[in-house]
Amino acid sequence: MSEAIAVEQWVRVARVEDFPSNAGACVKLGDEQIAVFNFASHRDWYACQNMCPHKRDMVLSRGLIGDQEGTPKVACPQHKKTFSLIDGSNLGGEEYSINIYPVKVEQGFVYIGAGSANN
Amino acid sequence: MPGGEITPAKLIVLGQVAQKYDLYCKITGGQRVDLLGARVDQLPFIWEELIAAGFESGHAYGKALRTVKSCVGTTWCRYAVQDSTGFAIRIEERYRGIRAPHKVKAACSGCVRECAEAQGKDFGLVATEKGWNLYVCGNGGAKPQHGVLLAADLDEETCIKYIDRFLMYYIHTADKLTRTATWFNQLEGGIKYLRRVIIDDHLGICAQLEEDMTHLVATYQCEWKAVVEDPERRKRFRHFVNSDDADDNLQWTHEREQKRPVNWEIVA
């Protein structure tokens, strides 16, 4: 996950059961839209911006998730642009990338790390 | 709307729903009506109204049977020799919702003039004086290809039997995302082999293929009805899991008296 990023504040966004298993959902954090992914089969959670930088639609939370040689990734549902959920890099080689966010689960709630260097 | 047939009352409902939710309307190539531009949170409400009016999901979002296009047939056309609309509706209601390696399109024409373009479909029927000619593995799209005649002058029951077998054989053996035309082009032995499998039961699998299809037909359900009626599934159709707000990033403009999304370059 994203322990390397310094988190200034954890924001509780929703209950674990509000998120589908092995898929994504979108949370509203202030004016931001953040895609949160529950890799239930690995008991891992990841978060990134909801906007796909390719066409700027708010759709990544509805993307397909999987892994590419061990790296968890999301594929945009529009044109299948794929991004690493570890560092936000573009796995298809295009120049645009995405922001990722720290996420943690505690006592049945999902928290997003805000005020970090990454966002 | 199976076969593209729709009553005036249902047509009015489509217009009323489109007006209420400000949806872009277009007649599709498959004889349906596009209602585009709904937000994800509006979908269950829109479908609730459509289902109440007697509509069901058209599965345009799935790798599934799409439409069975038809002409007006003997009922309205002086040239037609069979009831193509009636048979198209029967076929669409039999195979609706069936998932396949790729989308499946079909058509049914009332005479050899072929107004429904059945020879450009995954399976197509063209009426003859004696019954129906069944064409398979046609395709429009990027690499157009005419369907190949599987059998001629069939009665309706035999058509259904062969289509059952054909579709299940395709579903069982085609690689994912392979349309019937591509699958056929890779099939060793071509149409002669396909005829042996589907008509002569050369592989001894036809009873199983028919049983598999009977199961699919019997277990059909309208997926949107299932969502509308289930509060848990409806929850998936919110933009945010932690807010009832809609996506405020959507930007629309107007063109030819209807709304449409702005071009993405303009968004910057």
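Fair warning: this is a prediction, and the values are worked out from it, not measured in the lab. Letters go in sequence order (proteins before strands), and every chain restarts at 1.
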- Message: Between B/Asp248 and chain A, with a heavy-atom cut-off of 4.5 Å, which part of the residue counts as in contact: side chain, backbone, both or neither?
- Response: both
- Message: Using side chain to side chain donor-acceptor pair (under 3.5 Å), reason through B/Asn249 and A/Gln33 one step at a time and then give a plain yes or no.
- Response: CA-CA 10 Å; B/Asn249 187 58; A/Gln33 296 193 20; over 6 Å; no
- Message: Please determine whether the number of non-hydrogen atoms from other residues, nucleotides or ligands lying under 6.0 Å from atom NZ of A/Lys80 exceeds 12.
- Response: no
- Message: Would you say NE2 of B/His254 has more than 12 non-hydrogen atoms from neighbouring residues, nucleotides or ligands within 6.0 angstrom?
- Response: yes
- Message: Non-hydrogen contacts under 4.5 angstrom with chain B: give the residues of residues 67-76 of chain A involved, or none if there are none.
- Response: none
- Message: Show the nearest heavy-atom pair for residues B/Asn242 and A/Val27, with the distance to one decimal.
- Response: OD1-CA, 3.4 Å
- Query: Looking only at heavy atoms, which two atoms of A/Lys28 and B/Asp245 are closest? And how far apart?
  - Reply: NZ-OD2, 2.6 Å
- Query: Within a radius of less than 6.0 Å around NE2 of B/His146, do more than 12 heavy atoms belonging to other residues, nucleotides or ligands occur?
  - Reply: no
- Task: Measure the spacing between NE2 of B/His239 and OG of A/Ser61 and express it to the nearest 0.5 Å.
- Result: 6.0 Å
- Item | Which atoms of A/Asn50 approach chain B - backbone, side chain, both or neither, heavy atom under 4.5 Å | side chain
- Task: Enumerate by number any residue of residues 225-237 of chain B whose heavy atoms lie under 4.5 Å from heavy atoms of chain A; in the absence of such residues, state 'none'.
- Result: B/Arg236, B/Phe237
- Task: Please check if atom CD in B/Glu5 has more than 12 non-hydrogen atoms from other residues, nucleotides or ligands closer than 6.0 Å.
- Result: no
- Message: What residues of residues 28-49 of chain B make heavy-atom contacts with chain A at a cutoff under 4.5 angstrom?
- Response: B/Val40
- Under a 4.5 Å heavy-atom criterion, the part of residues 12-25 of chain A in contact with chain B comprises A/Val13, A/Ala14, A/Asp18, A/Phe19, A/Pro20, A/Gly24, A/Ala25
